[in-house]
Amino acid sequence: MRMVDLILKKRNGGELNEEEIRFVVEGFTNETIPDYQMSALSMAIYFNGMTENETAALTMEMVKSGDTIDLSNIEGKKVDKHSTGGVGDKISLIVAPLVASIGIPVAKMSGRGLGHTGGTIDKLESFPGFNVELTEEQFTKQVNDIKMSIIGQTGNLTPADKRLYALRDVTATVESIPLIASSIMSKKIAAGADSIVLDVKTGSGAFMKSFDDAKALAEEMVAIGKNVGRKTVAVITDMDQPLGFEIGNANEVKEAIEVLSGKEVEDLKTIALTIAGHMAVLGEFYPTFEEAYADLEKRIADGHALEVFRKFVEAQGGDSSLVDDVSKLPQASFETTFVAKEAGYVESIIADEVGVAAMLLGAGRATKEDKIDFAAGITLEKKVGDRVEAGDVIAVLRSNIEDMSSAVERLDHAYTIGATKPEARPLVHAVIQ
């Protein structure tokens, strides 16, 4: 078998079989297939796409390229969730304890943030002493004891995907939907869950800006799940403005705790309950999504989910007293405000720009080597549809960097004030299952 023949076959619209895909993934992983040939194949895939069988085969070969996590010692149906990322997306911090509160095990590995998108692991490290590096034995025991654990990505998971992703990044093939779908699903499958719920974002703060692209990606990932024997549901949710009112690590932890304590933050609560509801059905705890949603909403109101979150923080070495007193979370030295220049309604917020503004304050990483400032962040006082008068505070910025002018400029670019109140966008656009 020769790589050049497979490139030619895909360039001409042919379908690669499992043996051919195995040859490609193994050769690229062990570096017998050079980057320039893999780049050529990636571009052929970008233009000609892949069939369901091809994408499923590529996903599983990437899974087999490295370690896999064995969750068989954890009791019950393991359901994982994945978000395609966004600004102010603290949904995992709400969903995990909520699902765990009904006894469904949540054994989750999460990543760190890069660029304007925050990582769940960074947020959890806002708790002094929080340990994201558990042994497999500690991880398993904790999930069996309190039904949840969230740790950093460990081991040599999907090395083929890591190499291919780095190559796609410099060859203008990142946007290929089969390659995105196989990349996401290979990591989720390698992490060992029985079922997967995918939170696919769409809008200005999402990787998939248009609904059609988000739907295509969701359908592709659900098809992969079906092909490889994993029950998979994709929920397409709105990311046309930041989620909730807080952006930044400690900020987002605080808001997640407030939601778990019963505070009404409509977008966060609705999306969290929707994701958790589908996880609970896949975990075979409820027969219908409607029953799951209604009961899980009660578990927020009665404090069950918050208690699980408190136990989780304590179990992983974090200071759980911060759950009851969020003022003890990291605090920034400097504060400034962004105010409205004119009266009107907030017509739109470019979520990406708000994310970049938070990163400039120290809440995110421009490069992998950058240090996170847990206290840095933005509190939004006004969101889409809100009425503002000239001089009203739209957002409060906090940082340990005194000069926040560049972040304020980003917010100025992010917000559009107009004369007309815009129609509200749906929070959940579609469910693919």
Side-chain angles (χ1 to χ4, degrees), residues 10 15-16 21 24-25 28-29 35 38-63 65-66 80-87 89 109-111 113-117 119 153 157-191 193 196-228 230 232-239 351-352 429-430 432-433:
K10 196 68 216 169
E15 179 177 353
L16 302 179
I21 289 172
V24 170
V25 173
F28 185 55
T29 305
D35 282 2
M38 197 65 190
S39 299
L41 182 63
S42 298
M43 191 61 78
I45 291 169
Y46 177 85
F47 282 113
N48 291 319
M50 298 182 93
T51 65
E52 279 189 16
N53 287 339
E54 280 181 301
T55 311
L58 175 61
T59 302
M60 290 312 294
E61 289 306 321
M62 291 201 295
V63 170
S65 72
D80 201 354
K81 68 84 56 183
H82 174 80
S83 168
T84 56
V87 179
D89 183 4
M109 287 195 296
S110 291
L114 185 61
H116 75 269
T117 302
Q153 290 171 349
L157 293 185
T158 62
D161 173 60
K162 289 186 180 74
R163 288 205 72 213
L164 181 55
Y165 189 89
L167 192 66
R168 286 164 51 212
D169 203 31
V170 294
T171 57
T173 53
V174 166
E175 292 85 357
S176 167
I177 284 177
L179 296 181
I180 297 169
S182 58
S183 173
I184 291 170
M185 290 298 286
S186 66
K187 290 192 280 284
K188 291 289 106 183
I189 292 164
I196 303 160
V197 176
L198 302 158
D199 183 1
V200 181
K201 305 292 188 188
T202 185
S204 69
F207 185 63
M208 294 297 180
K209 307 294 183 193
S210 75
F211 171 75
D212 288 345
D213 284 347
K215 184 169 181 281
L217 176 60
E219 289 173 342
E220 192 94 37
M221 292 192 289
V222 169
I224 291 171
K226 180 183 175 184
N227 268 293
V228 303
R230 297 293 198 286
T232 306
V233 172
V235 183
I236 302 175
T237 65
D238 197 60
M239 185 43 78
D352 275 3
H429 292 267
I432 313 294
Q433 55 188 339

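Bear in mind that the values here come from a model prediction, so they are computed numbers and not experimental data.
The distance from the CE atom of Met221 to the CD1 atom of Ile184 is 4.5 Å, given to the nearest 0.5 Å. Here the OG1 atom belonging to Thr237 is positioned 7.5 Å from the NE2 atom belonging to His429, to the nearest 0.5 angstrom. The line from CG of Leu198 to NZ of Lys81 is 9.5 Å long, rounded to the nearest 0.5 Å. Rounded to the nearest 0.5 angstrom, Met50 CE and Leu179 CG are separated by 6.5 Å. Note that CD of Glu15 is 3.5 Å distant from OG1 of Thr51, once rounded to the nearest 0.5 Å. Annotation: the span from Leu16 atom CG to Thr55 atom OG1 amounts to 10.5 Å, rounded to 0.5 Å.
Within the 3.5 Å criterion, the main-chain N or O of Gly49 finds a donor-acceptor partner in the side chain of Lys10. Formation of a donor-acceptor pair under 3.5 Å by the Thr84 side chain with backbone atoms of Lys201 is found in this model. Using a distance-only test at 3.5 Å, with no hydrogens or angles considered, a donor-acceptor pair links the side chain of Lys162 to the main chain of Leu157. No donor-acceptor distance shorter than 3.5 angstrom exists from the side chain of Asp169 to the backbone of Tyr165, with no hydrogens or angles considered. One N or O on the side chain of Arg168 and one on the backbone of Val174 form a donor-acceptor pair closer than 3.5 Å.
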For side-chain hydrogen bond (donor to acceptor under 3.5 Å, both in side chains), just list the numbers for Ser204 and Asp352, CA-CA rounded to whole Å, side-chain angles, deciding distance to a tenth of an Å, and then say yes or no. CA-CA 6 Å; Ser204 69; Asp352 275 3; over 6 Å; no

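Heavy-atom neighbours of Phe207 CZ from other residues, nucleotides or ligands within 6.0 Å: above the threshold of 12.
Heavy-atom minimum distance, Asp213 versus Ile177: O-CD1, 4.0 Å. Of all heavy-atom pairs between Ala351 and Gly205, the closest is CB-CA, 3.5 Å. Taking all atoms of both residues into account, the shortest heavy-atom contact from Ser176 to Ile45 is OG-CG2, 3.9 Å. Closest heavy-atom contact between Ala206 and Met239: N-CG, 3.8 Å. Closest non-hydrogen pair, Val200 versus Ala214, comes out as CG1-O, 3.7 Å. Ser65 approaches Thr29 most closely through the heavy-atom pair CB-OG1, 4.0 Å.
For Val233, the side-chain contact (heavy atoms from CB on, under 4.5 Å) test picks out Val235, His278, Leu282, Val431, Gln433, with sequence neighbours left out. With sequence neighbours left out, the side chain to side chain donor-acceptor pair (under 3.5 Å) criterion links Asp35 to Arg163. Residues forming a side-chain contact (heavy atoms from CB on, under 4.5 Å) with Asp80 (at least two apart in sequence, or on another chain): Lys108, Lys188, Ala191, Ala193. Lys226 pairs by the side chain to side chain donor-acceptor pair (under 3.5 Å) definition with nothing, not counting sequence neighbours. Listed by chain and number, the residues in a side chain to side chain donor-acceptor pair (under 3.5 Å) with Thr59 amount to none (sequence neighbours excluded). In this structure Glu61 satisfies the salt bridge (charged side-chain N to carboxylate O under 4.0 Å, His left out) test together with Arg22, Lys64, sequence neighbours excluded.
With Leu41 as reference, Val24 is the one residue of Val24, Leu164, Thr173 to meet the side chain to side chain contact (heavy atoms under 4.5 Å, CB included) rule. Paired with Ser186 under the rule side chain to side chain contact (heavy atoms under 4.5 Å, CB included), one option of Val228, Val25, Thr158, Leu58 passes, and it is Thr158.
Side chains of Met62 and Ser182 form a contact here, defined as non-hydrogen atoms less than 4.5 Å apart. No side-chain heavy atom of Tyr46 sits under 4.5 Å from any side-chain heavy atom of Thr171. Side-chain contact between Met185 and Thr232 is present, with heavy atoms from C-beta onward closer than 4.5 Å.
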